[in-house]
Amino acid sequence: MFLTTVKILLPYFNLMTPDQFLTFAQVLPEPLVLITSTGEILAVNQAATKLFSKTSKALIGQQLSEFVTDSPQKVSDYLRVCAQSRQMILGAFTIHQAVGEGIACRSQGAVIQPRSHDSPAINLLRLEKRKGNEFVVLNQKIHALSQEIQQRQRIQLELAQSNETLKHTLIKLQNALESVQKEKMSGLGQLVAGIAHEINNPITFIHGNLTYASEYYDDLLNLIHLYQQEYPHPSKVIQETIETLELDFLQKDIENLLSSMMMGSQRIAEIVKSLRNFSRLDEATFKLVDIHEGLEATLMILQSRFNPSTQYSKIEVIKEYGELPLVFCSPGQINQVFMNILNNAIDALEEAEQLRSGGSPSPESTQNYSSRIWIRTEKLSDRYIAIRIKDNGNGIPAQIHHQIFNPFFTTKPIGQGTGLGLSISYQIIESHHGRINMMSDSAWGTEFSIELPIVEESDRNYGNPF
């Protein structure tokens with residue numbers, strides 16, 4: 001926890017005066033010392049004064065070597081190493097006591113302000129009181145193993161932060177819907193690809209380092225086993241520490257932890273790939289496109305909504321794909337049309353199920369009435385293809401059929417719909433010189449029909465035909 005705190009606040013330490021550092025450090029329970037690389041104590045918190053049994057006034061401005069039994073050269077060498085590293089450097093001191101034996105302490109130190117022409121480097125030391133002077137190899141390796149566990153926890157935290165970043169980005173996308181409508185979804189591909197890019201960077205780092213982390217863990221574990229073979233009868237202190245740490249459990253649990261993190265990072269990588277395929281930002285605005293590929297990418301994005309939940313039963317997707325030629329269109333925009341229509345179909349099926357079952361799915365209602373979506377594609381002629389998406393929900397009332405493509409018209413409750421999805425879809429299909437129509441009846445549901453033109457090779461030679 002201390003290492004994580006220092007890593008986060010390190011940029012702010014560079015700007016702190018000793019008094020400001022003291023104000024911050026007073027709230028921390030660990031003994032902290034702000035000290036120059038030459039050994040002069042600049043500031044201490046209350047925990048450090050208790051450890052030294054001195055007042056802060058008696059410590060500040062003095063040399064650390066005056067208060068420890070270790071040689072001044074040893075103290076100087078340690079502080080010089082700390083001044084050259086942003087990573088925490090381990091050390092050991094024995095604090096002098098007026099009566100009785102000195103207090104054995106372990107030190108962790110790192111530079112927070114590098115040396116300049118006018119002043120020496122400033123280090124931050126964290127002291128930890130030890131019960132004895134037994135700084136044996138096993139203790140050091142167990143501490144290193146603890147650091148590895150903390151590193152796994154930091155990786156999990158970074159993954160959670162990446163997910164939180166994605167949530168905030170999606171919220172921004174929702175708040176920007178009106179602007180997206182005015183720009184006719186020209187920025188949607190950039191937004192989705194930007195999200196994928198932001199996730200891809202940290203998840204690539206995490207996924208790539210998991211392999212090394214696993215290797216480091218194996219090396220540390222082998223060293224511990226070798227130590228146990230060479231020294232089968234450790235001291236009582238070591239035995240108690242092993243029991244406290246539950247070393248056998250840690251060995252097994254870390255393997256499970258690494259495995260689950262690897263699976264999670266791979267799943268996120270697959271989602272990022274789907275987002276990129278959906279946005280198609282890396283491709284030309286208009287190009288030859290396999291319509292079925294776009295449909296499959298959209299279905300994968302929506303897969304979680306098709307799966308059963310505590311509120312809704314599974315939605316069955318029936319694909320009836322015909323043989324289609326490649327279509328010259330904007331893949332990102334066409335995929336957005338598919339997304340809007342399929343989302344509306346899912347909403348209609350969930351609403352119909354709530355009306356039938358009162359809000360919770362039952363085996364009887366699922367058996368008697370299954371929620372289904374049909375996706376049919378066909379070549380209408382030498383000039384047009386058709387994509388039909390149908391659901392078996394309750395249909396759309398006839399009196400509002402003429403309004404469904406109007407901007408901001410929605411039948412959903414406040415906060416659940418913007419009324420922009422179908423309006424944007426209509427404009428996209430119109431910009432492709434295509435047609436979009438809707439048929440609906442309470443007896444069988446709703447069907448959207450999309451017709452797109454097939455552009456001949458001779459037309460494409462003269463650039464964008466639209």
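The first residue of the sequence shown is numbered 1, and numbering continues consecutively from there. Since this is a predicted model, take the numbers as computed values, not measurements.
- A 4.5 Å side-chain heavy-atom check between Gln156 and Leu257 finds at least one atom pair inside the cut-off.
- For the pair Ile373 and Ile346, the minimum side-chain heavy-atom distance is below 4.5 Å.
- Using bins of under 30°, 30° to 60° and over 60° for the plane-to-plane angle, the ring pair Phe286/Phe328 lands in the tilted bin.
- Nearest heavy-atom pair across Ser107 and Leu125 is OG-CD2, 4.0 Å.
- Expressed to the nearest 0.5 Å, how far CD of Glu243 lies from CG of Leu245 amounts to 10.5 Å.
- Atom CG in Leu258 sits 9.5 Å away from atom OG1 in Thr211 (nearest 0.5 Å).
- Taking OG from Ser449 and CD1 from Ile341, the interatomic distance works out to 9.0 Å, rounded to the nearest 0.5 Å.
- Inter-residue side-chain proximity for Leu380 and Glu378 is flagged as met; some heavy-atom pair is nearer than 4.5 Å.
- Panel note: side chain Ser85, backbone Cys82; no donor-acceptor pair is recorded below 3.5 Å.
- Contact check for Pro331 versus Lys287: side-chain heavy atoms found under the 4.5 Å cut-off.
- Considering CD1 of Ile387 and CZ of Arg376, their distance stands at 13.5 Å, rounded to 0.5 Å.
- Atom CD1 in Ile404 sits 11.0 Å away from atom OG in Ser423 (nearest 0.5 Å).
- The backbone N or O of Ser313 sits less than 3.5 Å from a side-chain atom of Glu353, completing a donor-acceptor pair.
- Side chain of Asp382 to backbone of Ile454: no donor-acceptor contact under 3.5 angstrom is found.
- Within 6.0 Å of CD on Glu320 lie more than 12 heavy atoms contributed by other residues, nucleotides or ligands.
- Proximity of Lys390 to Trp444: side-chain heavy atoms (C-beta onward) are separated by under 4.5 Å at one or more points.
- The closest side-chain heavy-atom distance from Val289 to Leu326 is not below 4.5 Å.
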What's the verdict on side chain to side chain contact (heavy atoms under 4.5 Å, CB included) for Ile429 and Ile334, showing C-alpha distance, side-chain angles and the deciding distance?
-> CA-CA 8 Å; Ile429 299 303; Ile334 296 301; 4.1 Å; yes

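- In terms of heavy atoms, His292 sits closest to Leu324 at NE2-CD1, 3.5 Å.
- Nearest heavy-atom pair across Thr446 and Met438 is CG2-CG, 3.9 Å.
- For the pair Leu221/Ile254, no side-chain contact is recorded, criterion being any heavy-atom separation below 4.5 Å from C-beta on.
- The neighbour count for Tyr216 OH, taken as heavy atoms of other residues, nucleotides or ligands under 6.0 Å away, does not exceed 12.
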Which is it for Leu223 and Asp219 under the side chain to side chain contact (heavy atoms under 4.5 Å, CB included) test, yes or no, and what are the steps along the way?
-> CA-CA 6 Å; Leu223 182 59; Asp219 292 341; over 6 Å; no

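- No side-chain donor-acceptor contact under 3.5 Å links Ser259 to the backbone of Glu255.
- Within a 6.0 Å sphere centred on CD of Gln399, heavy atoms belonging to other residues, nucleotides or ligands number more than 12.
- Between the side chain of Arg305 and the main chain of Ile315, no donor-acceptor pair closer than 3.5 Å is present.
- Here Gln303 pairs with Asn307 under the side-chain hydrogen bond (donor to acceptor under 3.5 Å, both in side chains) rule; sequence neighbours left out.
- In terms of modelled atom types and a separation under 3.5 Å, the side chain of Ser431 and the main chain of Ile428 share a donor-acceptor contact.
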Determine, step by step, whether Tyr321 and Ile375 satisfy the side chain to side chain contact (heavy atoms under 4.5 Å, CB included) criterion, reporting the C-alpha distance in whole Å, the side-chain angles of both residues, the deciding distance to 0.1 Å, and the verdict.
-> CA-CA 7 Å; Tyr321 292 168; Ile375 304 177; 3.9 Å; yes

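- In this structure, NZ in Lys319 is found 3.5 Å from CD in Glu296, a value given to the nearest 0.5 Å.
- Side-chain atoms of Asn45 come within 3.5 Å of backbone atoms of Glu30 as a donor-acceptor pair (strictly under, hydrogens ignored).
- Heavy-atom minimum distance, Asn340 versus Ser425: ND2-OG, 3.0 Å.
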Starting from the C-alpha separation in whole Å, work towards a yes-or-no answer on side chain to side chain contact (heavy atoms under 4.5 Å, CB included) for Ile450 and Phe338.
-> CA-CA 10 Å; Ile450 303 168; Phe338 297 154; 4.2 Å; yes

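- Smallest separation of non-hydrogen atoms from Pro453 and Val327: O-CG1, 3.7 Å.
- One N or O on the side chain of His432 and one on the backbone of Ser330 form a donor-acceptor pair closer than 3.5 Å.
- At least one donor-acceptor pair closer than 3.5 Å links the side chain of Thr377 to the backbone N or O of Gly322.
- Closest non-hydrogen pair, Asp391 versus Ala348, comes out as OD1-CB, 4.3 Å.
- A donor-acceptor distance shorter than 3.5 angstrom exists from the side chain of Thr165 to the backbone of Gln161, with no hydrogens or angles considered.
- Side-chain contact between Phe306 and Leu299 is present, with at least one heavy-atom pair separated by less than 4.5 Å.
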